[in-house]
Peer 1: 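Below are the structure tokens for one structure; questions will follow.
Numbering of ligands and ligand atoms starts at 1, following listing order. One is the number of the first residue; the rest follow in order along the sequence. This structure is a prediction, so every number in the text was calculated from the model and none was measured.
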Amino acid sequence: MPHSPESLAQTGSCTVTLHFEDGEQRRIRVEPAEFVLDAALRQGVPLVHQCRSGSCSTCVAQLIAGNVEMAGRATSLLSAEAAQGKRLLCSSFARADSEVGLHYPAALIYGAEPRILPAAVAALEWPSPTVARLSLELPEHYDFNFHSGQYVRVKIPGAAEWRSYSMASTRRELPRMDFLVRILNGGLVSEYLRSGCRPGDEIMIQGPMGAFVLHSGRALQIFIAGGTGLAPILSMLDEIRYRPGPRPPMLLVFGCASEQQFFYRDELELRQWWMPELRVSLCADRVDNPDSGLLQGTPIAVLEQERITDPESIAYLCGPPAMIEAARRRLHEMGIAPDHIYAEQFVASAIEKAASSI
Ligand SMILES: Cc1cc2nc3c(=O)[nH]c(=O)nc-3n(C[C@H](O)[C@H](O)[C@H](O)COP(=O)(O)OP(=O)(O)OC[C@H]3O[C@@H](n4cnc5c(N)ncnc54)[C@H](O)[C@@H]3O)c2cc1C
Ligand code: FES
């Protein structure tokens with residue numbers, strides 16, 4: 001039976017020391033019936049999170065010492081990851097004074113306070129019938145910056161609700177920002193893009209947000225993207241392209257549902273041309289034309305055929321939750337350490353809404 005905060009309640013609060021990737025530390029007090037993430041937010045430590053329900057893995061941390069115990073509810077963590085000390089802070093209690101490591105620098109959450117500002121629609125293009133490329137332009141004298149892989153929340157004209165979208169461009173292109181949006185029938189933003197969006201429309205953005213960012217390493221960098229999950233991956237690849245010095249070897253596996261829905265093939269070929277260190281595998285669940293150059297199957301099926309032998313490889317995954325879970329499982333079997341696997345899930349707006357109303 002799942003435990004509730006109350007059923008696990010103990011007497012006395014515990015101290016949890018949070019170790020950030022850049023060596024910064026913060027100490028928080030966690031009450032017995034309180035989740036560690038809730039305690040951090042209450043004490044003004046804006047740890048990165050999304051769903052607050054154990055389903056997106058955004059709040060994952062590594063237990064270094066002490067006792068941080070996951071509540072019994074379903075989580076996106078593999079049991080092998082939990083056995084190696086991974087904990088989802090949105091769903092964990094502190095059972096003793098403890099130390100946990102976070103996979104992002106403190107500068108990410110303290111450096112650039114999320115801000116709300118207006119942006120104007122600069123262009124709307126259609127790389128495929130189900131994917132829109134939206135370009136927004138920030139106003140003159142904008143005060144905004146971000147890391148490749150992060151996202152912003154977006155509010156379209158006349159709407160009361162926010163939606164999240166990852167930047168497909170890098171900060172070097174600011175004040176322009178590009179997004180790749182999958183069009184869903186009946187969706188709020190989807191229908192606006194399909195029929196209401198006009199150049200010059202004012203769209204509010206809030207951000208930057210998220211901890212899905214590049215990590216340093218000379219080993220193989222593996223990027224796995226499904227559909228518009230390509231957006232943050234593209235931004236990361238371009239960031240690596242702009243960086244001075246030698247680049248690591250890179251593998252991108254990118255898949256779409258069908259050949260007809262495939263997009264950005266030219267964009268990826270260009271990046272391969274610019275970066276010989278980058279190898280790209282393109283696939284689609286359904287391929288009708290054998291000469292299309294697309295492999296048939298999911299990104300995970302394609303990954304199966306890869307010989308990845310370096311356990312120091314770093315993996316970045318973005319796309320639907322099922323793809324991410326399968327990729328993490330496969331990479332784990334290939335010997336990649338859980339703390340070398342970073343993921344961003346495009347959780348449904350309904351889950352986001354529930355989380356932001358908590
Ligand atoms: C961190 C993060 C980053 C993201 N980045 C991207 C990105 O880069 N690109 C991208 O494409 N997506 C991204 N997403 C997903 C995105 O935020 C939206 O969830 C998605 O675009 C759908 O928004 P929408 O307004 O078009 O549809 P919604 O209005 O949210 O509707 C979604 C679907 O549900 C249906 N629906 C809505 N309400 C109901 C209801 N009451 N009953 C039954 N069905 C209903 C709609 O018809 C539609 O098919 C991201 C999500 C997160 C959390
Ligand atoms: S799993 Fe903790 S915020 Fe989503």
Peer 1: Can you spot which of Arg172, Arg271, Arg243 makes a side-chain hydrogen bond (donor to acceptor under 3.5 Å, both in side chains) with Asp238?
Peer 2: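 For Asp238, the side-chain hydrogen bond (donor to acceptor under 3.5 Å, both in side chains) test succeeds with only one of Arg172, Arg271, Arg243, which is Arg271.
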Peer 1: Counting each atom of ligand 1 from 1 as listed, which ones have a heavy atom of Val181 under 4.0 Å away?
Peer 2: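 Once the distances to Val181 are compared, the set is 11 (O).
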Peer 1: If you count the atoms of ligand 1 from 1 in the order shown, which ones are under 4.0 Å from a heavy atom of Leu184?
Peer 2: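 The atoms of ligand 1 under 4.0 Å from a heavy atom of Leu184 are 22 (C), 32 (C), 48 (C), 49 (O).
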Peer 1: Could you tell me if Ser13 and Arg29 have a donor-acceptor pair between their side chains, going purely by distance under 3.5 Å?
Peer 2: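 Indeed, the side chains of Arg29 and Ser13 share at least one donor-acceptor pair under 3.5 Å.
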Peer 1: Is there a polar contact between ligand 1 and Ser164, counting only N or O atoms under 3.5 Å apart?
Peer 2: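 Indeed, backbone or side chain, Ser164 has an N or O that close.
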Peer 1: At less than 2.8 Å, would any N/O/S atom of Cys90, backbone or side chain, sit next to atom 2 (Fe) of ligand 2?
Peer 2: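 Within the cut-off used here (under 2.8 Å), Cys90 does place an N, O or S atom near atom 2 (Fe) of ligand 2.
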Peer 1: Parallel, tilted or perpendicular for Phe212 and Tyr316, by the 30°/60° rule?
Peer 2: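 Aromatic pair Phe212/Tyr316 classed perpendicular.
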Peer 1: Which one holds for Ser91 and ligand 2: side chain close, backbone close, both close, or neither close, with close meaning a heavy atom under 4.0 Å?
Peer 2: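 None of Ser91 does.
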Peer 1: Which bit of Met209 is near ligand 1, meaning a heavy atom under 4.0 Å away: side chain, backbone, both or neither?
Peer 2: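 The answer is neither; Met209 stays 4.0 Å or more away.
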Peer 1: Run the salt-bridge test on Arg279 and Glu306 with the 4.0 Å N-O cut-off and return the result as yes or no.
Peer 2: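 The answer is yes: the pair qualifies as a salt bridge.
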Peer 1: Salt bridge or not for Asp38 and Arg52, using N-O below 4.0 Å?
Peer 2: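 Salt bridge present between Asp38 and Arg52.
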Peer 1: Without hydrogens or angle criteria, can the side chains of Glu99 and Gln25 be said to hold a donor-acceptor pair below 3.5 Å?
Peer 2: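 No, no side-chain donor-acceptor contact under 3.5 Å.
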Peer 1: Hey, which atoms in ligand 1 end up nearer than 4.0 Å to a heavy atom of Gly186?
Peer 2: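 Listed by number with element: 46 (C), 47 (O).
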Peer 1: Could you confirm whether Cys59 has any N/O/S atom lying under 2.8 Å from atom 2 (Fe) of ligand 2?
Peer 2: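 Checking atom 2 (Fe) of ligand 2 against Cys59, an N, O or S atom does fall under 2.8 Å.
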Peer 1: I want to know if ligand 1 touches Leu180 in the polar sense, i.e. an N/O pair below 3.5 angstrom.
Peer 2: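 Among all N and O atoms of Leu180, at least one is under 3.5 Å from an N or O of ligand 1.
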Peer 1: Heavy-atom distances under 4.0 Å decide this one: backbone, side chain, both or neither, for Asn185 against ligand 1?
Peer 2: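 For Asn185, the contact with ligand 1 is made by the backbone alone.
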Peer 1: Say whether Val189, considering both its backbone and side-chain N or O atoms, lies within less than 3.5 Å of an N or O atom on ligand 1.
Peer 2: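 Such a contact does occur with ligand 1.
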Peer 1: Counting both backbone and side chain atoms, is some N or O of Leu188 under 3.5 Å from an N or O of ligand 1?
Peer 2: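 Min N/O separation from ligand 1 is below 3.5 Å for Leu188.
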Peer 1: May I ask you to list the atoms of ligand 1 that are less than 4.0 angstrom from any heavy atom of Gly187?
Peer 2: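 Within the 4.0 Å cut-off of Gly187, ligand 1 contributes 24 (P), 25 (O), 26 (O), 27 (O), 28 (P), 29 (O), 31 (O), 46 (C), 47 (O), 48 (C).
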Peer 1: Counting only heavy atoms not in Arg176, do more than 12 fall under 6.0 Å of its CZ?
Peer 2: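 Enclosed: over 12 neighbouring heavy atoms sit under 6.0 Å from CZ of Arg176.
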Peer 1: Verify side chain to side chain contact (heavy atoms under 4.5 Å, CB included) between Val30 and Phe93, making sure each step is shown before the conclusion.
Peer 2: CA-CA 8 Å; Val30 184; Phe93 305 105; over 6 Å; no
Peer 1: State the atoms of ligand 1, each with its element, that fall below the 4.0 Å cut-off from a heavy-atom position in Arg163.
Peer 2: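 Matching atoms, with element in brackets: 23 (O), 24 (P), 25 (O), 28 (P), 29 (O), 30 (O).
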Peer 1: Just distances here: any N/O of Gln50 and N/O of ligand 1 closer than 3.5 Å?
Peer 2: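 Looking only at distances, the answer is no, because the N/O contact criterion of under 3.5 Å is not met.
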Peer 1: Tell me the contacting part of Tyr165 for ligand 1: side chain, backbone, both, or neither, using a 4.0 Å heavy-atom threshold, strictly below.
Peer 2: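 The part of Tyr165 near ligand 1 is both the backbone and the side chain.
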Peer 1: Parallel under 30°, tilted from 30 to 60°, perpendicular over 60°: which one fits the rings of Phe179 and Tyr165?
Peer 2: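 The rings of Phe179 and Tyr165 stand perpendicular, inter-plane angle above 60°.
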Peer 1: Taking only heavy atoms of Tyr151, which atoms of ligand 1 are found under 4.0 Å from at least one of them?
Peer 2: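 Near Tyr151, meaning under 4.0 Å from one of its heavy atoms, ligand 1 has 1 (C).
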Peer 1: Would you confirm whether the ring centroid of Phe262 sits within less than 6.0 angstrom of the ring centroid of Phe254?
Peer 2: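 Aromatic pair counts; centres sit under 6.0 Å.
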Peer 1: For ligand 2, which atoms sit closer than 4.0 Å to a heavy atom of Gly54?
Peer 2: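 By the 4.0 Å cutoff, the relevant atoms are 1 (S).
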Peer 1: Kindly confirm or rule out an N or O of Ser190 lying under 3.5 angstrom from an N or O of ligand 1.
Peer 2: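 There is such a contact, yes.
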Peer 1: Is atom 4 (Fe) of ligand 2 less than 2.8 Å from at least one N/O/S atom of His49?
Peer 2: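 For His49, the answer is no, given that no N, O or S atom comes within less than 2.8 Å of atom 4 (Fe) of ligand 2.
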